[in-house]
Visitor: 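Take this structure, written in structure tokens, and hold onto it; I'll ask about it next.
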Amino acid sequence: MGRYLFKRLLNMIPLLILATLLSFALMQMAPGGPENILLSAEDARIDPSRAAVLRERWGLDDPIPVQYVRWLGNVIRGDFGNSYFYRRPVSEVIGAALPATIQLQAAAIILTYLIALPLGVLSAVRRRSRIDRAVTGLAFAAQAAPSFWVAILLIWGVARNADGLIPTHGIATPGVDLETCGLLAVLADRARHMLLPVTVLVFGNLTSLTRYMRSSMLEALREDYIRTARAKGLPEKVVVYRHALRNALLPVVALSGGVLASLVGGSVITETIFAWPGIGRVSHDAAVQRDYTVSMAILLISGVLTLIGFLLVDLAYVWVDPRIRYD
Amino acid sequence: MAAPESTSPLRQVARRFVRNPAAVAGLMVLLCLGLVALFAPQLAREPLDAIHVDQRLRPPGPGHPFGTDNLGRDVLSRLIWGARTSLSVGLVAMSVAVGIGTVVGAVAGFYAGTWVDLLFMRIAEAITIIPVYFLVVTVVAVVRPSLLNVMLVIGLTSWPGPAQIVRAQFLSLRQRAFAEASRAVGVGDARLIFRHILPNASGPIIVSATLGIGNAILVESSLSFLGLGAQYPQTSWGQMLSQGRQFLLQAPWVSLVPGLAIFLVVICFNCVGEGLREALDPKMDE
């Protein structure tokens with residue numbers, strides 16, 4: 001395991017370097033270049049002495065490779081510069097938005113798995129039945145439905161029928177806090193606000209996971225050990241849920257990294273529509289406001305977080321399946 | 001149940017494809033839509049921006065089968081103009097992605113294990129680790145939002161998928177007897193890759209291209225919805241949907257109809273893609 005971890009971490013280094021290069025290249029491509037971006041974010045255009053300090057900190061007078069190293073050094077220390085739009089350090093802007101996204105994504109991920117895995121198993125076990133057709137059909141439709149359209153449909157339906165019971169934007173009702181309303185009311189309020197965005201995220205990610213689960217389960221059910229288990233007279237339930245399911249779950253675990261990445265990516269649209277104050281919305285606002293330092297930081301951080309997610313998934317995979325060895 | 005008179009592989013593929021009703025229906029719808037997009041100037045009842053302030057938010061009815069929007073523009077006409085946007089973005093973005101993906105995947109797969117392969121596949125991975133919407137939203141904003149940029153950005157960020165598919169094909173194809181034989185008679189690497197091996201990998205490439213168009217249309221409409229795609233006076237289904245949002249309760253058709261159009265087109269591309277996949281690889285059960 002230690003050896004595996006070491007090799008796996010080593011493998012991440014080129015990817016990390018490429019991700020930082022991508023982010024750095026973006027700043028070079030932007031109109032006005034890094035000079036314009038970094039200086040205008042801190043009012044240094046007005047105060048020349050401030051400009052000199054910033055030039056020194058970001059090495060703006062150095063050749064580009066040296067600038068990259070300087071920038072990388074700052075980034076590793078958590079210094080992404082200032083946000084042009086928010087007039088605050090980028091790290092603060094992102095730090096403030098991260099909890100909201102984690103709250104939303106955690107709920108969406110758990111629900112996606114809770115719904116997709118049983119659906120996939122059910123549809124594989126009852127292959128070619130009406131249930132199977134319904135599940136595969138739903139998965140097929142969910143894959144093609146644009147998430148913003150699903151969101152708009154939900155908002156439309158809710159606004160017409162639910163009479164304000166289900167909020168269509170924001171993360172909490174202003175005024176509902178722990179002191180005045182108590183824990184229960186706050187939790188209920190939060191849950192109501194999460195209802196629609198979580199539904200959209202889950203719906204959008206149901207397809208791939210359900211499909212993986214179904215085909216993995218079908219494959220497991222064709223294995224020799226399943227025939228053996230049936231031949232020795234084990235009840236069908238034990239055969240399916242003990243013998244097949246355990247083995248079928250392994251490949252699904254391995255693919256979770258991709259599911260995570262697509263869920264997080266989906267937050268850009270979902271958070272923007274439902275005015276959810278998370279990373280996705282900050283990313284959209286930064287793009288629209290040309291707040292490049294924030295955009296670059298989000299690009300880099302989301303890449304690094306996805307990489308860590310992939311790593312954790314791989315480690316979990318090695319842990320549950322001792323047959324897997326690196327290479 | 002192979003019919004004796006049709007031995008050509010291409011004909012067999014066509015035969016299997018035709019037996020799949022969903023795929024055939026999808027193809028029919030897409031062909032019709034292609035014609036509609038092509039003849040949009042003749043078919044659309046009104047030009048792209050015929051504003052009629054006196055006909056704002058009319059519900060669907062005679063004259064306006066899908067109603068009008070907040071500026072009194074005929075939703076059906078705009079839908080027809082928008083079909084041009086969706087299809088052209090889908091086709092161009094897919095061509096860029098599959099073009100790059102094929103070359104990169106072919107070279108990486110042919111020289112598997114060498115530094116070229118390592119470099120190409122690391123770059124592909126680096127692109128895939130960044131959640132796709134973060135990437136396209138940011139890059140499109142930096143290079144300025146426009147339909148052309150949207151096409152290019154979608155193409156340039158979605159080639160890793162096709163590249164990995166082509167690479168996997170090459171890994172097994174390059175060891176087959178025909179490739180060994182060509183090499184033995186002295187065929188050069190470039191010719192071997194693109195003339196001998198690549199045609200054998202065309203099946204999976206066609207499938208991923210078909211599915212890629214649907215996906216590119218989804219991404220484009222999302223970007224246009226966020227205001228980062230089609231800019232006035234261009235139109236796009238995603239943009240129409242986002243403009244209708246403010247009038248959702250008074251005039252739901254302005255938002256719901258273009259969304260339905262995106263949904264149906266993407267479903268059609270997926271049906272055709274899946275149909276091709278099954279027709280090209282009959283052994284594959286799932």
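This one's a predicted model, so the numbers in the text were calculated from it and none came from an experiment. Hydrogens, waters and symmetry mates are skipped; everything else that's a heavy atom, side chains included, is used.
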Visitor: Find the one option among A:Ala286, A:Ser295, A:Ser147 whose heavy-atom pairs under 4.5 Å with chain B are most numerous.
Guide: A:Ser295

Visitor: Name the region of B:Leu135, side chain, backbone, both or neither, that has any atom closer than 4.5 Å to a heavy atom of chain A.
Guide: both

Visitor: I'd like to verify something: which residue of B:Leu228, B:Leu218, B:Val266, B:Val142 has the highest number of heavy-atom pairs under 4.5 Å with chain A?
Guide: B:Val142

Visitor: Using a 3.5 Å cut-off and no angle test, enumerate the donor-acceptor pairs between side-chain atoms of residues 151-167 of chain B and protein atoms at least two apart in sequence or in another chain.
Guide:
unit_1   : atom_1 : unit_2   : atom_2 : d
B:Thr157 : OG1    : B:Val153 : O      : 2.7
B:Thr157 : OG1    : B:Ile154 : O      : 3.3
B:Ser158 : OG     : B:Ile154 : O      : 2.5
B:Trp159 : NE1    : B:Leu156 : O      : 3.0
B:Arg167 : NE     : B:Asp117 : OD1    : 2.8
B:Arg167 : NH2    : B:Asp117 : OD1    : 3.4
B:Arg167 : NH2    : B:Asp117 : OD2    : 2.9

Visitor: Tell me, for B:Val143 versus chain A, whether the close heavy atoms (under 4.5 Å) come from the side chain, the backbone, both or neither.
Guide: side chain

Visitor: Report which part of B:Leu260 has an atom under 4.5 Å of a heavy atom belonging to chain A: side chain, backbone, both, or neither.
Guide: both

Visitor: With a 4.5 angstrom heavy-atom cut-off, could you sort out which part of B:Cys268 is near chain A: side chain, backbone, both or neither?
Guide: neither

Visitor: How about A:Thr20 and A:Tyr68: does a side-chain donor come under 3.5 Å of a side-chain acceptor?
Guide: yes

Visitor: Under 4.5 Å heavy-atom distance to chain A, tell me which part of B:Phe225 shows up: side chain, backbone, both or neither.
Guide: side chain

Visitor: Is the backbone of B:Met240 close enough, under 3.5 Å, to the side chain of B:Gln243 for a donor and an acceptor to pair up by distance?
Guide: no

Visitor: Any side-chain to backbone donor/acceptor pair from A:Ser216 onto A:Pro251? Under 3.5 Å, distance only.
Guide: no

Visitor: Which residues pass the salt bridge (charged side-chain N to carboxylate O under 4.0 Å, His left out) test with B:Asp69, sequence neighbours left out?
Guide: B:Arg73, B:Arg78

Visitor: Within the 4.5 Å heavy-atom criterion, are A:Asp291 and A:Asp285 side-chain neighbours or not?
Guide: no

Visitor: Name, in order of residue number, those residues of residues 244-252 of chain B that have a heavy atom at a distance of less than 4.5 Å from a heavy atom in chain A; otherwise write 'none'.
Guide: B:Arg245, B:Leu248, B:Leu249, B:Pro252

Visitor: Determine the option with the most heavy-atom pairs under 4.5 angstrom with chain A, choosing from B:Pro258, B:Ser221, B:Pro145.
Guide: B:Ser221

Visitor: Counting only non-hydrogen atoms closer than 4.5 Å, does A:Ile298 touch chain B with its backbone (N, CA, C, O), its side chain (CB onward), both, or neither?
Guide: side chain

Visitor: Check whether A:Ile273 gets within reach of chain B through its side chain, its backbone, both or neither, counting any heavy atom under 4.5 Å.
Guide: both

Visitor: Under 4.5 Å heavy-atom distance to chain B, tell me which part of A:Ile17 shows up: side chain, backbone, both or neither.
Guide: neither

Visitor: Among A:Ala159, A:Ser267, A:Ala141, A:Pro14, who wins on heavy-atom pairs under 4.5 Å with chain B?
Guide: A:Ala141

Visitor: Can you tell me which residue among A:Arg127, A:Arg126, A:Arg214 is in a salt bridge (Lys or Arg N to Asp or Glu O under 4.0 Å) with A:Asp132?
Guide: A:Arg214

Visitor: Where does A:Leu22 contact chain B at under 4.5 Å (heavy atoms): side chain, backbone, both or neither?
Guide: side chain

Visitor: If we only count heavy atoms from C-beta on, is the A:Phe24 to A:Leu300 side-chain gap below 4.5 Å?
Guide: no

Visitor: Taking every non-hydrogen pair under 4.5 Å, which of B:Asn215, B:Thr128, B:Val132, B:Leu226 racks up the most with chain A?
Guide: B:Leu226

Visitor: Quick one: does B:Ser88's side chain have a donor or acceptor within less than 3.5 Å of a partner on B:Thr85's backbone?
Guide: yes

Visitor: Give a yes or no answer on whether the side chain of A:Asn11 reaches the backbone of A:Lys7 with a donor-acceptor pair at less than 3.5 Å.
Guide: no

Visitor: Can you name the residues that form a side-chain hydrogen bond (donor to acceptor under 3.5 Å, both in side chains) with A:Ser283, not counting sequence neighbours?
Guide: none

Visitor: Looking at B:Leu256, B:Ile130, B:Leu118, which makes the most heavy-atom pairs under 4.5 Å with chain A?
Guide: B:Leu256

Visitor: Highest number of heavy-atom pairs under 4.5 Å with chain A: which of B:Gly227, B:Cys271, B:Gly238?
Guide: B:Cys271

Visitor: Using atom types as modelled and distance alone, determine if a side-chain donor or acceptor of B:Arg58 lies under 3.5 Å from a backbone N or O of B:Thr68.
Guide: no

Visitor: Could you tell me if A:Thr101 and A:Gln105 have a donor-acceptor pair between their side chains, going purely by distance under 3.5 Å?
Guide: no

Visitor: Looking only at side-chain N and O atoms, does B:Tyr133 offer a donor or acceptor that is under 3.5 Å from a partner on B:Ser222?
Guide: yes

Visitor: With only heavy atoms counted, which part of B:Leu264 is less than 4.5 Å from chain A, the side chain, the backbone, both or neither?
Guide: neither

Visitor: I'd like to know which of B:Ile129, B:Val140, B:Val219 tops the heavy-atom pair count under 4.5 Å against chain A.
Guide: B:Ile129

Visitor: Taking atom types as modelled and ignoring hydrogens, do the side chains of A:Ser215 and A:Glu219 form a donor-acceptor contact shorter than 3.5 angstrom?
Guide: no

